[in-house]
Enquirer: 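Dumping the structure here so I can ask a few things about it.
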Amino acid sequence: MRRLLVAGNWKMNASKVMLNELLSGIAENAPQQTDVVVFPPAPYLLAAADKLQGSSVKFGGQNLNANDSGAYTGEVSASMLVDCGCEAVLVGHSERRTLFAESDADVLAKTEAALAAGLVPYVCIGETLAERDANKTEAVVEQQINAVLNGLTVQQLAKCVFAYEPVWAIGTGKTASPEQAQQVHAFIRGLIATKDEELALNSHILYGGSVKASNAKELFGQKDIDGGLVGGASLKAEEFLGICNPA
Ligand code: PGA
């Protein structure tokens, strides 16, 4: 049985005041039946660790460098994230792929580095609108996920979380319909099954792209959607909690 998992990607949005208010609200009211994870920007991770001490809410980094240390100005390594108390890290978010030219090979290297440090990598994949319109959704998603499926062992993959985020639905208010999302999620689970059936059954595949409290229930009710990776709606405690508790 896959438990509902809801993750909040704050992107480049935070302040000390916001972190205090938001994490208090989430930590005090997170529903027991849902696994909740937040991804604040790197400078706030130690403050998040402090704030979430003793809470069931976990936190992680939004990015990492595949190297462990050294002359990489501005970068953050997996072991630093672990040292700050992180349990997870986002890898291959479409904004990283598009704005920072991250390739499938980068995504694999980062995923390996995260796993080696004991972090749960949230591997993000998804097609652009042009790719969907050209009927390339499955081809794009397959190529992106195969980069990790072919590069990792079943044991390593069992520690990953996958997130399907159609780029056209991110931050646009245009959510994929539950049927559209379910179709791609089922396709992704099928690809994981070609590696290992048990792995496919146990893998969490989150949906991301304009998830809100008002559409979470229907999306998460789909057979192959195990929760959400939430951007904009994760910045307001009440809205985010509504997604975490969509009953
Ligand atoms: P959104 O972002 O919920 O604001 O669409 C999702 C994401 O980018 O992870």
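We count ligands from 1, going down the list as the structure has it; atoms in each ligand are counted the same way.
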Enquirer: Return yes if a side-chain donor-acceptor contact under 3.5 Å exists between Glu127 and Tyr164, otherwise no.
Expert: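 Yes, Tyr164 and Glu127 have a side-chain donor paired with an acceptor closer than 3.5 Å.
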Enquirer: Once rounded to the nearest 0.5 Å, what's the spacing between atom CG of Leu4 and atom CZ of Arg2?
Expert: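 So the gap between those two atoms works out to 11.5 Å.
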Enquirer: Tell me whether the centres of the aromatic rings in Tyr122 and Phe39 are closer together than 6.0 Å.
Expert: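 Aromatic pair counts; centres sit under 6.0 Å.
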Enquirer: Report yes if Thr172 has an N/O atom closer than 3.5 Å to an N/O atom of ligand 1; otherwise report no.
Expert: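 No, Thr172 has no N/O under 3.5 Å of an N/O on ligand 1.
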Enquirer: Are His93 and Glu165 close enough, and set up right, to give a side chain to side chain donor-acceptor pair (under 3.5 Å), and what steps lead you there?
Expert: CA-CA 8 Å; His93 189 279; Glu165 300 201 299; 3.3 Å; yes
Enquirer: Can you spot which of Val36, Ile26, Val38 makes a side-chain contact (heavy atoms from CB on, under 4.5 Å) with Leu52?
Expert: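 Per the side-chain contact (heavy atoms from CB on, under 4.5 Å) rule, the option paired with Leu52 is Val38, out of Val36, Ile26, Val38.
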Enquirer: Do Lys174 and Ser210 get their side chains close enough for a donor-acceptor pair, meaning under 3.5 Å?
Expert: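 Side-chain D/A pair, Lys174 to Ser210: absent.
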Enquirer: Tell me, please: is Ala169 in heavy-atom contact with ligand 1, that is, under 4.0 Å?
Expert: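 It does, in that a heavy atom of Ala169 comes within the 4.0 Å cut-off of ligand 1.
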Enquirer: Could a heavy atom of Gly171 be found less than 4.0 Å from some atom of ligand 1?
Expert: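 It does, in that a heavy atom of Gly171 comes within the 4.0 Å cut-off of ligand 1.
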Enquirer: Could you tell me, atom by atom, which parts of ligand 1 come under 4.0 Å of a heavy atom of Asn9?
Expert: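 Under 4.0 Å from Asn9, ligand 1 has these atoms: 9 (O).
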Enquirer: Could an N or O of ligand 1 be found under 3.5 Å from any N or O of Gly232, whether backbone or side chain?
Expert: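 Yes; the residue has a nitrogen or oxygen that sits under 3.5 Å from a nitrogen or oxygen of the ligand.
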Enquirer: Pairing donors with acceptors under 3.5 angstrom, does anything connect the side chains of Asn63 and Lys110?
Expert: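 Per modelled atom types, Asn63 and Lys110 side chains form a pair under 3.5 Å.
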Enquirer: What part of Ile170, side chain, backbone, both or neither, has a heavy atom within less than 4.0 angstrom of ligand 1?
Expert: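 For Ile170, backbone and side-chain atoms both sit under 4.0 Å from ligand 1.
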Enquirer: Counting from 1, what ligand 1 atoms have a heavy atom of His93 closer than 4.0 Å?
Expert: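 Matching atoms, with element in brackets: 7 (C), 8 (O), 9 (O).
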Enquirer: Suppose we measure from atom 7 (C) of ligand 1 to each protein heavy atom; which comes out shortest, and what is that distance?
Expert: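 Answer for atom 7 (C) of ligand 1: Glu165 OE2, 3.1 Å.
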Enquirer: If I apply the N/O under 3.5 Å rule, does Gly209 come out as touching ligand 1?
Expert: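 Between Gly209 and ligand 1, no N or O pair is found under 3.5 Å apart.
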Enquirer: Which of the listed options, Gly231, Ala163, Gly208, holds the heavy atom that is closest to atom 1 (P) of ligand 1?
Expert: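 That would be Gly231.
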